[in-house]
Structure formats: structure tokens, C-alpha cells
Amino acid sequence: DEPPVRIFVMGENIWRHENEWPLSRTNYINYYFHSEGQANTLNGNGVLSADTPGDEPPDSFIYDPKSPVPSRGGPLCCSPGLFPGGTFDQRSIEARPDVLVYSSNVLSEDLEITGPITVILYAASSAPDTDFTAKLVDVSPCGCASSLIDGIIRARYRNSLAAPELIGPGNVYQYTIDLVATSNVFKAGHLIRVEISSSNFPRFDRNPNTGREPREEQELMSALQTIFHSNQYPSHITLPVIPGN
């Protein structure tokens with residue numbers, strides 16, 4: 001006799017029944033990336049807002065597979081002693097120059113996000129193949145940046161898993177990063193934050209940037225990554241906003 005869907009809503013920390021998935025009352029809202037060209041680290045000028053971007057300079061960073069961004073929490077399963085899963089403060093990750101950080105203004109009221117989440121990223125790389133990662137983060141008034149969900153896309157599989165295509169170095173491509181789904185109430189006084197990078201290791205294997213798969217390659221090359229957010233290339237995250245909460 002119960003509804004067929006049961007979800008746990010973080011932030012409120014409650015279980016709730018629903019009649020369908022995704023929820024029929026969802027409003028999908030795009031939150032766009034903005035910066036003055038220096039969104040690197042949590043001390044950069046990256047901004048996340050519903051305003052569409054105008055003529056803005058891109059952000060860039062060097063992805064070095066010899067020094068990948070380490071996994072900190074998340075859905076890690078197999079080595080809890082070394083790499084525990086779950087929600088962790090991401091500020092040590094956000095201090096790295098190879099992590100772009102886009103943060104919203106302080107929320108004036110609670111905002112519930114429940115459902116599937118995707119990032120549309122317009123990016124270029126100096127490599128023939130590389131990875132791009134995205135992470136959704138809830139930032140509390142104390143500054144603690146709690147990870148919620150993350151995802152990754154390998155450039156060669158941007159269009160199809162069955163028919164991989166290498167990229168042209170320096171060319172701009174659109175990437176869809178699937179963050180799967182979550183349910184969280186961003187409380188009043190909190191910030192919504194998105195991190196963009198090119199590695200999340202060991203949760204995902206490192207891309208060597210050579211155009212060959214990691215299992216086939218022992219050489220590791222650095223790559224210059226450029227993330228665009230402009231009227232022509234409006235990089236953004238699509239959030240499933242639940243009204244009335």
C-alpha cells in the first residue's frame with residue numbers, strides 16, 4: 001500500500017515516500033559557470049548562478065596524471081582502510097590549482113535538489129584524449145564543503161562507448177558528465193558549489209593523456225585543460241529543484 005519510491009533526503013535527514021522517479025514536480029534549472037578567468041582553487045573567482053554567461057574568459061589548469069586529484073570520500077567500495085567512502089570535507093581538494101571551483105551566493109532560503117544531475121561542459125585539451133570530472137558540493141556557513149555526488153567523462157567516449165573518437169588538441173567539444181542522482185536540501189545560509197577537474201583517483205583510473213587506454217600505456221603526459229563559459233559555450237550544471245521546500 002506504500003508509494004513505490006522511498007528516498008533519503010540529506011540536509012533534512014529524513015526518509016520520504018514518492019509516487020514516481022524522477023519526481024513529476026521537478027523544475028530543472030541550469031546553474032551556469034562564471035569567472036574572470038581564475039576559478040582555480042576555492043580562493044579563485046569562480047561563480048555559480050542561474051544567469052547565462054556573457055563574454056567571459058575561460059578557465060584553465062594543468063592536469064598531470066603523475067599527480068592526480070585524490071579521491072576524498074564518495075562512493076568508494078573496496079579499501080575502506082585506505083580510501084573511506086561517504087561525505088567528506090573537500091577543502092583540501094579545492095586548495096589544488098588543478099581544481100576549478102564555482103560557488104553560488106549564500107542561499108536566502110532552503111533549496112531541495114532531488115533527482116538526476118548532469119553537467120554540460122565545453123572544454124578543450126592539448127591532449128588527444130583526457131578526462132573531465134565534476135562534483136556537487138554543499139558548503140555550510142563554517143566553510144565546510146561536503147561532497148554529495150560526482151562523475152567523470154573520458155573524452156574519447158563523449159559521443160559513444162561503442163565507437164570511441166579521439167579529440168583534436170585545442171578544439172572545443174561539448175561533454176555531458178552524468179552525476180547520476182542525489183537528494184539534498186541546501187539549507188539557508190549554505191552555498192551550492194561545483195568542482196571541475198580531470199582526475200579523481202583512485203575512484204577512477206588516471207587518463208595518461210596519450211590517446212591510449214591506461215592499461216595499454218606506461219607513459220604519462222601532462223595536458224593543458226581549458227574550460228569555457230560564455231554565450232557561445234555556456235557550461236553549466238542542471239539541478240532538479242523541488243518546489244515548496
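Side chains included, hydrogens not; waters and symmetry mates left out as well; all remaining heavy atoms used. In this text, all values refer to a predicted model and were calculated from it rather than measured experimentally.
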Indicate the atoms forming the closest heavy-atom contact of [X] with [Y], along with that distance.
X    : Y    : result
S35  : E56  : N-OE1, 3.4 Å
I177 : I152 : CG2-N, 3.5 Å
W21  : A181 : CZ2-CB, 3.8 Å

Look at the side chain of [X] and the backbone N and O of [Y], then say whether any donor-acceptor pair between them is shorter than 3.5 Å.
X    : Y    : answer
T226 : S60  : no
S126 : L224 : yes
Q90  : F88  : yes
S199 : V69  : yes
N45  : Q38  : yes
R156 : G211 : yes
T133 : S197 : yes
D89  : S146 : no

Do you see a donor-acceptor pair shorter than 3.5 Å between the side chains of [X] and [Y]?
X    : Y    : value
D59  : H229 : yes
N200 : S71  : yes
N207 : D129 : yes

Do Y122 and F228 make the cut of ring centroids closer than 6.0 angstrom? no
Please lay out, stage by stage, how T210 and E219 fare under the test side-chain hydrogen bond (donor to acceptor under 3.5 Å, both in side chains). CA-CA 8 Å; T210 60; E219 181 183 9; over 6 Å; no
| query | Could you walk me through whether N209 and T130 pass the side-chain hydrogen bond (donor to acceptor under 3.5 Å, both in side chains) check? | reply | CA-CA 5 Å; N209 295 327; T130 193; 2.9 Å; yes
Across all chains, not counting sequence neighbours, the salt bridge (charged side-chain N to carboxylate O under 4.0 Å, His left out) partners of D138 are none
Within 45° cone of F201 ring axis and under 6.0 Å: R206 NZ or CZ
yes
Contact between R203 and R72 at the side-chain level, heavy atoms closer than 4.5 Å - yes or no?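 With C-beta onward as the side chain, the pair stays apart.
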Between F132 and the options Y175, F61, F204, Y173, the ring pair (Phe, Tyr, Trp, His ring centres under 6.0 Å) test singles out Y175
Q174, CD atom: more than 12 neighbouring heavy atoms under 6.0 Å
yes
- request: Step by step, work out the side-chain hydrogen bond (donor to acceptor under 3.5 Å, both in side chains) result for S230 and Q232.
  value: CA-CA 5 Å; S230 63; Q232 182 181 6; 5.3 Å; no
